[in-house]
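These notes concern the structure reproduced below.
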Amino acid sequence: MMPPCDSPHSLFFLATMDVGRATRAYEALKSLLFLYVVSRYALKSQRHLRARGVLASVREFYRWITQQVLLLVLRLPKMKAKVALEMGQAKLDIENRLVPKGPDVTRHLSLPKEGKSLEWILAEMDKMDDEMSHATNWRQGKISGAVYHGGEDLERVIVAAYAKYAVSNPLHPDVFPAVRKMEAEIVAQTLQLYNGPNGAGTMTSGGTESIIMSVKTHRDWARAVKGIAEPEMIIPSSAHAAFDKGAAYLKIKVHTIPVDSYTRKVDIKAVKRAINANTIMLVGSTVNFPDGNQDDIEALGKLAVKYKLGLHVDSCLGSFIIPYLEKTGLSEGSNGKYKLYPCDFRVPGVTAISCDTHKYGFSPKGTSVIMYRDAELRRHQYYVSPDWAGGVYASPSLSGSRPGALLAGTWAAMQYMGSDGYLESCRSIVTCARTIADRIVSSIPELYILGSPPASLIAFGSKHPKVDVLEVGDKMSQRGWHLNALSNPPAVHIACTRLTVGKEEEFIADLKDSIREAKLQPSGQGTMVRVYGLGKSSAVGPAMVTQLASAYVDAMYKA
Ligand SMILES: *Cc1c(COP(=O)(O)O)cnc(C)c1O
């Protein structure tokens, strides 16, 4: 007998059998792959639906469809021309507000051939300051946030420190040892304020960088420890835009959870529903930028512990106010309002806190601190390139070279103020905010205060059908006040600072006048009404606002 394989017959049989088996295996693999893809999408959609709710998802989808249709309509030649005309006009308006024009304006468009003197430079700066005569004069104090101290004494201290370290760079600690030490001490002092004895942190260029670094840290931590490759994060709708910006840069899916319309705190049940196996972190603010309210950090902390997630507490605005509220006694609030709830590292589950030294720390702009519960977590923030052609490269945050002068200015401001200084500024600034809030509640029936803001920022909306609060905001602008407009609900906020202390009665008087005028002669033409109205006017509103906002950024670079 011959072995079967030697027979051409059986060989053929074997070959066809193999092809058949291979085909079947291939088909099986294909269906498996198909099932995998389908189940992945099903899982993704199910998580999305769970996080947003069916109704909101349907609404989201409907809004998207109408938007697409309208955008198509706007592409029709006739519509296109009309939109282009309107946009062109709006862009011109923006430019005229930002860029000085006229025969007296000198434009420095190329380098002077020969270097100029210091006197010339200072004189040119004065001229540029005067070119925009309608610019807000912050020294009058009628401004929300923006300038947090403005005292000449502190300015001198900061400038002296800056001068001493003008050329320093913390990227080279061996060359600038004092700057390294100052940065480490700023972080240590801030950690102490936020009750993180075992914590660790770094300085950054501002709140936005602190937040972006924290998002990156939690993303890399979740990948290393939990193997999460498609990260998602859950943020309150009142969280700062820096979280969305970070998520956009770092490719992280964001679930935005609404806040309770009365308390202005994030809906904890909805946060819980949005948590899934891909969640890397939760976010809470103390206090938030839109209306100055505080999320329930303790409840968020419980969720973070239970599901082993990160929890970032944004205290960029709370900065050096929140840690001192307790000591002033103002944290208990008054009349059952304005109470401060626990929000620092004493709350279990909190893994990171951002605190802007350049807000109520009164340090020079361009500084903030990002803190973590422990040094191990901070490791995930670093960037290390072991085999770069330029040598082993390691840096703590986004920048490479950094301004040591700003760190020195921050260290100087903090030592100059001291605990007593911050305590006193906390007392006077928060008292200013509460006075304004109380006076609105007791004497302006048309308005209401959003939530129960415990710190320095308060927002007011209208409960009167004839009073558009954005119109009120525009009338306040005409009275020299530089306030912020909010959408959803429409409201106006003021972040009190050292400069607004003592201006409470003037603010209330101007507010009453503005309301009277807004009722009698609404113009509908002010910036707040136009820009914020546009965003809600139609399905394409947001697309238009995006275009306008981009035109605004363009205009900033017009020499
Ligand atoms: C100001 C602020 C930030 C960050 O802002 P920067 O302008 O980047 O310093 C983040 N969160 C809140 C609540 C803020 O008020």
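Quick caveat, the model's predicted, so the values are computed rather than measured. Indexing begins at 1, ligand by ligand and atom by atom, following the structure's order.
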Requested in this report: Could you check Arg439 against Glu504 for salt bridge (charged side-chain N to carboxylate O under 4.0 Å, His left out), going step by step and ending with a plain yes or no?
Outcome: CA-CA 9 Å; Arg439 298 276 280 121; Glu504 299 86 346; over 6 Å; no
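- Among His240, Glu209, Lys359, His358, the residue whose heavy atom sits closest to atom 15 (O) of ligand 1 is Lys359.
- Of the protein's non-hydrogen atoms, the one nearest atom 4 (C) of ligand 1 is Gly207 CA, 3.5 Å.
- In this model, a donor atom of one side chain and an acceptor atom of the other lie less than 3.5 Å apart for Ser210 and Ser368.
- Take Asn198 and apply the side chain to side chain donor-acceptor pair (under 3.5 Å) test, not counting sequence neighbours, and it matches no residue.
- Close approach to Phe289 involves these atoms of ligand 1, each under 4.0 Å from a residue heavy atom: 13 (C), 15 (O).
- Looking only at heavy atoms of the protein, atom 8 (O) of ligand 1 is closest to Thr208 OG1, 2.5 Å.
- Taking only non-hydrogen atoms, the option from Asn288, Val287, Asp314, Thr286 nearest to atom 12 (C) of ligand 1 is Asp314.
- Taking the six-membered ring for Trp, Tyr194 and Phe345 have ring centres at least 6.0 Å apart.
- At least one heavy atom of Ile211 sits closer than 4.0 Å to an atom of ligand 1.
- Residues passing the side chain to side chain donor-acceptor pair (under 3.5 Å) test with Thr217, sequence neighbours excluded: Tyr372.
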